[in-house]
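Here the structure comes first, spelled out in structure tokens, and everything after it is commentary.
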Amino acid sequence: MTDAVTDRIDLAGRWELALDPDDEDSAERAPPADFDDDIPLPGTTDEAEKGERTTERTPGHLTRRYRYEGAAWYRTTVEIPDAWADRRLVLRLERTRPAGVWVDGDPVGREDSLSAPHVYDLTDALDPGEHDVALRIDTDSEPVTFPGVQRSHAATEHTQTNWNGVVGDLELVATDPVWIDDCQVYPDPAAGTARVEVTVGNRTGAAAEASVELAAESADGTHAVDPQTESVRVDDESARLSVEYDLGDPLRWDEFDPDYYELTAALDATAEGADAGENGGAVADDAEYGHVTETVFGVRSFEREGTRFAVNGKTTFLRGNVDCCIFPETGYPPTDEAAWREVFETAREYGLNHYRFHSWCPPEAAFRVADEMGIYLQPELPLWNNGGTFEDPDAAAFYRAEAERILDEYGNHPSFVMFALGNELSGDFEAMSDLVEDRRERDPRRLYACGSYNGLSDSTLTEADDYWTTASVPPDPTDVDSGREMVRGAAIDDAPPATTTDYREAVEDIPIPVVAHEIGQYQTYPDFAGLERYDGVLAPRNLELKRDHLEAHGLLDRAAAFSDASGRLSVQCYREEVEAALRTPGFGGFQLLQLEDFPGQGTALVGILDPFRESKGLIEPAEWRKFCAESVPLVRMDARTFSADESLTADVQLAHFGPEGHDEVAAEWSLTAAGGSDAETVVAEGSLPGTDVPQGELVDLGPVEADLGDTLASADGVDAPVRLTLSVTVPATDAATDYDVWVYPADLPAVDADDGSVGGSGDTAVTVRRAFDEETRELLEAGEDVVLVPRHDDLRHSVESAFAPCFWSYALFKRNAPPGTMGPRCDPDHPLLGGFPTDDHGDWQWWHLLSNARPVVLDDAPDDYEPLVRMIDNVERNQRLGLVFETAVGDGNLLVCAVDLFAADNDPSVRAFARSLVDYAASESFDPDRGVSEAVLEKLLTI
């Protein structure tokens with residue numbers, strides 16, 4: 001074998017640049033005569049500040065500071081060394097847009113992949129000496145202009161942007177004219193072998209006899225596989241060698257033990273002499289050539305077993321994140337491993353084991369790091385189209401070629417376990433199925449699906465699908481007209497809070513794994529303090545517009561508080577969604593939308609992390625992992641609010657997807673109340689009997705029951721109303737969880753729904769009224785204290801209310817999600833809430849109240865006026881919403897409650913809130929300023 005196997009020239013550096021926005025695409029035209037600028041490559045025109053300097057403030061997404069659309073020419077001079085004579089020379093661009101290459105003014109090749117490296121064979125154009133190499137990259141040509149690509153996260157301005165340039169490796173590579181062109185590894189875990197398919201290329205014009213030596217070693221160095229050598233004859237331009245490589249007793253790859261192998265394939269070839277041909281010059285007899293290439297692989301199976309996913313025969317539950325290619329500093333995904341290590345380490349901190357790349361495919365570095373860390377990846381084609389797919393023959397041909405390129409380029413990575421064609425597709429499902437079937441037959445190393453939530457609310461299975469990523473299912477999975485049942489959302493706004501929701505009835509007749517599509521999407525309020533963090537190519541002008549809108553409404557100083565309160569409520573909703581999936585027997589998993597904010601599509605700040613994947617301070621990773629990990633205790637309760645004369649009954653389960661099962665698993669539980677100085681008082685505790693817990697099962701561990709009256713009576717200094725925490729620990733799996741419940745006095749005197757006087761906790765009588773009518777005003781003029789609970793039909797300046805924060809982005813979905821509210825904000829120490837324990841944000845004890853509320857629009861009140869309980873409005877409206885507010889009127893005092901306490905159900909939380917309001921109004925603490933004028937009250941409250 002020759003010593004020279006592969007050489008490279010790194011082309012990173014400054015290239016000449018000529019922008020050519022009016023150029024018509026032509027494969028034959030020459031590069032421009034004048035290059036009047038330069039640019040560093042790798043890089044983009046955005047990063048180099050080329051093109052139009054933008055000034056607009058786009059409301060729906062981040063804005064490129066410099067925008068260039070169309071063709072751009074890049075040119076550099078390369079010196080080909082004499083030693084490269086008679087060698088094969090290729091230009092490799094790791095990631096770019098549709099591009100053509102010219103050498104010394106002549107066109108030599110075109111590529112259009114958006115997902116895989118571009119490789120151009122320049123052998124016939126580059127002899128030793130100096131040459132000009134020019135690139136023409138066009139972001140306004142096919143396939144970028146296909147509708148499905150334009151919407152995809154491979155090109156959309158809402159995330160990655162349609163950048164122009166080259167990112168990642170940019171190099172000229174020289175090999176001998178007989179070389180290893182491809183090496184694919186198909187492990188067989190059961191047999192302990194791997195079928196290695198080696199494609200040998202030959203440009204000599206002569207036949208060649210070759211041998212290929214395979215040598216594999218685990219990445220951690222603990223297992224070296226014996227080398228194996230096989231021979232192949234290359235008569236034409238290429239030949240394929242198939243080798244059954246005995247791996248001995250190989251290590252397995254999964255999320256717990258991500259052991260993978262590095263494979264070296266070394267070629268030793270001897271060519272037979274031949275006359276000069278079209279592929280090269282004359283070849284001497286017995287000319288020797290060599291080439292060495294490296295790849296990685298993992299010994300793992302990723303299969304469906306019934307309705308579950310199995311990795312090496314062990315059941316896994318996908319706890320996924322949807323990655324929409326959000327990288328605000330660059331506008332494109334990183335190509336270095338360090339950056340992806342940060343991404344996946346953050347995912348691991350929050351208990352995730354899976355990433356879906358929504359309508360795009362990540363670079364090589366992402367796969368390499370996922371291999372190291374045991375992350376299950378689902379790349380997709382650059383395709384998001386709910387208006388028709390595959391009807392355009394040119395587009396269909398591109399999607400088919402792109403799928404082949406993705407699988408060939410990244411298919412050896414063990415982390416590449418799933419592949420889908422794109423997001424929310426519609427159109428020619430037969431063509432999609434044919435493509436999936438073809439890819440599965442060619443490459444059976446992973447599971448396949450025609451797309452993610454194809455058909456949206458008409459989503460149905462195809463015979464080609466190995467799994468089904470969807471938000472809803474029909475009772476009959478083959479009949480789209482049989483109705484729909486949700487497999488996300490956890491019915492949070494539709495039913496009183498409990499911890500029993502699951503999707504077992506919805507999925508019981510579905511024969512393959514169901515993965516909940518894009519769960520969550522609970523918007524949080526922006527905290528504008530971090531705008532200076534956006535120091536890259538994308539400017540946060542959408543957020544600046546929202547900041548300015550908030551400032552115009554006199555609320556900018558509340559932004560941080562609104563962000564925290566809405567975010568903490570969204571965490572509770574995310575938890576319920578995650579647990580609903582875990583509570584479903586036979587469920588495949590979920591994909592969050594998403595762990596981090598989405599700065600586009602109306603500005604959807606739905607993450608518990610910001611767009612830079614940094615914490616918003618809403619929840620610590622360890623707390624999140626209590627409900628999102630491989631082993632999670634679950635407590636099934638029918639309610640979260642109780643009267644003190646009731647019993648708390650619950651069933652404890654364990655969703656266990658750790659590496660092994662456990663025998664005689666005993667859970668411990670306790671019921672505690674917070675005390676002074678953060679101390680806790682244990683009011684009840686116990687242990688559950690040991691239960692065998694198989695791997696990959698949802699297991700019942702036993703019941704918990706506590707008579708709340710007796711429990712509180714026996715606890716020193718703990719009385720209702722009180723928030724209690726039910727904690728469960730499972731030492732065998734190192735898992736723990738806790739649930740807050742609220743207990744209210746059993747003997748609360750009712751607040752009369754009829755107009756009249758009601759006794760407070762003191763000697764002062766409080767009058768409860770239903771209308772701000774003449775009689776109410778006379779009472780106030782006479783110095784009475786009045787609690788006004790207006791009928792909702794009488795509130796002309798109010799908005800609808802819901803418990804959960806508004807969905808995704810109110811700007812995008814306001815027609816579909818009319819409430820648009822984002823939870824309450826209050827002072828938990830205010831005497832108004834003395835009988836209603838709460839934090840400063842919404843939690844489950846607020847559900848019955850918020851579901852029966854019409855927050856009043858207080859925009860006409862003074863800017864510094866603060867309601868006692870505020871309902872946070874969405875960032876598009878920024879109305880000042882009062883749930884409970886007070887003011888002096890005449891010689892009296894008025895307390896207005898926009899929760900219809902008499903139309904709401906008779907939940908203990910409603911009774912306690914009503915009594916707490918009346919007790920406050922009857923106390924000396926009820927002494928408000930004249931914060932809201934009578935004229936404003938007339939406008940808001942008069943029938």
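Taking the centre of each ring, Phe836 and Trp742 stay at or above the 6.0 Å mark. Residues Phe807 and Tyr522 place their aromatic rings such that the two centres sit no closer than 6.0 Å.
Proximity of a side-chain donor or acceptor of Ser631 to a complementary backbone N or O of Thr733 within less than 3.5 Å is not detected. For the pair Asp700 (side chain) and Gly702 (backbone), a donor-acceptor distance under 3.5 Å is absent. Judged by distance alone, with hydrogens and angles left aside, the side-chain atoms of Arg911 form a donor-acceptor pair with the main-chain N or O of Asn906 at under 3.5 Å. Panel note: side chain Asn878, backbone Val875; a donor-acceptor pair is recorded below 3.5 Å. In this structure a side-chain-to-backbone donor-acceptor pair under 3.5 Å is missing from Thr737 to Val728. At least one donor-acceptor pair closer than 3.5 Å links the side chain of Ser615 to the backbone N or O of Gly617. A side-chain donor-acceptor contact under 3.5 Å links Ser851 to the backbone of Trp847. Here the side chain of Ser563 pairs a donor or acceptor atom with the backbone of Tyr525 at under 3.5 angstrom. Side chain of Glu577 to backbone of Gly520: a donor-acceptor contact under 3.5 angstrom is found. Of the possible donor and acceptor atoms, one in the side chain of Thr499 sits under 3.5 Å from a partner among the backbone N and O of Val635.
Applying the side chain to side chain contact (heavy atoms under 4.5 Å, CB included) rule to Asp827 yields the partners Asp829, His830; only residues at least two apart in sequence or on another chain are considered. Under the rule for a ring-ring contact (aromatic ring centres under 6.0 Å, His included), the partners of His656 that lie at least two apart in sequence or sit in another chain are His662. In this view, Asp597 and Lys616 satisfy the side-chain hydrogen bond (donor to acceptor under 3.5 Å, both in side chains) rule, not counting sequence neighbours. Partners of Tyr865 according to the ring-ring contact (aromatic ring centres under 6.0 Å, His included) rule, which considers only residues two or more places apart in sequence or in another chain, do not exist here. In terms of the salt bridge (Lys or Arg N to Asp or Glu O under 4.0 Å) criterion, residue partners of Asp860 (sequence neighbours excluded) are, by chain and number, Lys939. Applying the side-chain hydrogen bond (donor to acceptor under 3.5 Å, both in side chains) test to Arg930 and every residue at least two apart in sequence or in another chain returns nothing. Not counting sequence neighbours, Arg796 has no partner by the side-chain hydrogen bond (donor to acceptor under 3.5 Å, both in side chains) test. Residues that satisfy the ring-ring contact (aromatic ring centres under 6.0 Å, His included) test with Phe642, not counting sequence neighbours, are absent from this structure. Applying the side-chain hydrogen bond (donor to acceptor under 3.5 Å, both in side chains) rule to Glu781 yields no partners; only residues at least two apart in sequence or on another chain are considered.
With respect to Arg568 and Asp564, a salt bridge is recorded, a charged nitrogen being found less than 4.0 Å from a carboxylate O. Asp873 and Arg880 are not joined by a salt bridge, as no carboxylate oxygen comes within less than 4.0 angstrom of a charged side-chain nitrogen. Between Glu623 and Lys626, at least one side-chain nitrogen of the basic residue sits less than 4.0 Å from a carboxylate oxygen of the acidic one, meeting the salt-bridge criterion. Between Glu784 and Arg769 no salt bridge is recorded (no basic side-chain N to carboxylate O distance below 4.0 Å). Salt-bridge formation is not detected for the pair Glu620/Arg625: no Lys NZ or Arg NE/NH1/NH2 atom is positioned less than 4.0 Å from an Asp or Glu carboxylate oxygen.
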Would you check, one step at a time, whether the test side chain to side chain donor-acceptor pair (under 3.5 Å) holds for Thr838 with Trp846? CA-CA 9 Å; Thr838 183; Trp846 286 91; 2.9 Å; yes
Between Leu593 and Trp808, does a side-chain contact (heavy atoms from CB on, under 4.5 Å) hold up when you go through it step by step? CA-CA 9 Å; Leu593 190 60; Trp808 187 247; 3.4 Å; yes
Please lay out, stage by stage, how Leu569 and Val571 fare under the test side-chain contact (heavy atoms from CB on, under 4.5 Å). CA-CA 5 Å; Leu569 176 59; Val571 167; over 6 Å; no
If you apply the rule side-chain contact (heavy atoms from CB on, under 4.5 Å), what do you find for Phe528 with Leu550, and how did you get there? CA-CA 10 Å; Phe528 302 104; Leu550 185 62; 3.7 Å; yes
Start with the C-alpha distance between Ser472 and Glu485, add both sets of side-chain angles, then the distance that settles side-chain contact (heavy atoms from CB on, under 4.5 Å), and finish with yes or no. CA-CA 5 Å; Ser472 64; Glu485 296 181 62; over 6 Å; no
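With contacts defined as side-chain heavy-atom distances shorter than 4.5 Å, the pair Val665/Val730 qualifies. Residues Pro805 and Ser570 form a side-chain contact, since some pair of their non-hydrogen atoms from C-beta on lies under 4.5 Å apart. Between Leu850 and Met871 the shortest side-chain heavy-atom distance falls below 4.5 Å. Considering only heavy atoms from C-beta on, Phe772 comes within 4.5 Å of Leu780 through its side chain. Contact of the Val751 side chain with the Arg915 side chain is registered, since non-hydrogen atoms from C-beta on lie closer than 4.5 Å. Looking only at side-chain heavy atoms (C-beta outward), Arg488 and Phe590 stay at 4.5 Å or farther from each other. Contact annotation: the side chain of Val578 approaches that of Leu592 to within less than 4.5 Å [non-hydrogen atoms, C-beta and beyond]. Here the side chains of Leu698 and Leu654 are not in contact, with every heavy-atom distance at 4.5 Å or above.
Pairs passing the salt bridge (charged side-chain N to carboxylate O under 4.0 Å, His left out) check and including a residue from residues 634-647, sequence neighbours excluded, read Asp502-Arg636. Sorted by first then second residue, the side-chain hydrogen bond (donor to acceptor under 3.5 Å, both in side chains) pairs that include residues 891-900, not counting sequence neighbours, are Arg770-Asp900, Asp785-Asn893. Listed by first and then second residue, the side-chain hydrogen bond (donor to acceptor under 3.5 Å, both in side chains) pairs that reach into residues 711-726 are Arg723-Asp839, Thr725-Asp740, sequence neighbours excluded.
Taking CZ of Phe813 as the reference point, atom CG of Asn874 lies at 14.0 Å (rounded to 0.5 Å). Going from atom CG of Leu881 over to atom NE2 of His797 covers 13.5 Å, rounded to the nearest 0.5 Å. For the atom pair CE of Met822 and OG of Ser566, the computed distance is 4.5 Å after rounding to the nearest 0.5 Å. Note that the CD1 atom of Ile872 and the NE2 atom of His841 stand 10.5 Å from one another [nearest 0.5 Å]. Atom CZ of Arg319 sits about 6.0 Å away from atom SG of Cys628, to the nearest 0.5 Å.
A cation-pi geometry, defined here as NZ or CZ lying under 6.0 Å from the six-membered ring centre and within 45° of its normal, does not hold between Arg504 and Phe587. Figure legend: cation-pi geometry between Arg825 and Phe562 absent, as NZ or CZ is not positioned both under 6.0 Å from the six-membered ring centre and within 45° of its axis.
The minimum heavy-atom distance between Arg583 and Thr501, with the atom names listed, is NE-O, 2.9 Å.
Looking only at atom types and distance, the side chain of Asp773 has a donor-acceptor partner in the side chain of Thr776 under 3.5 Å away.
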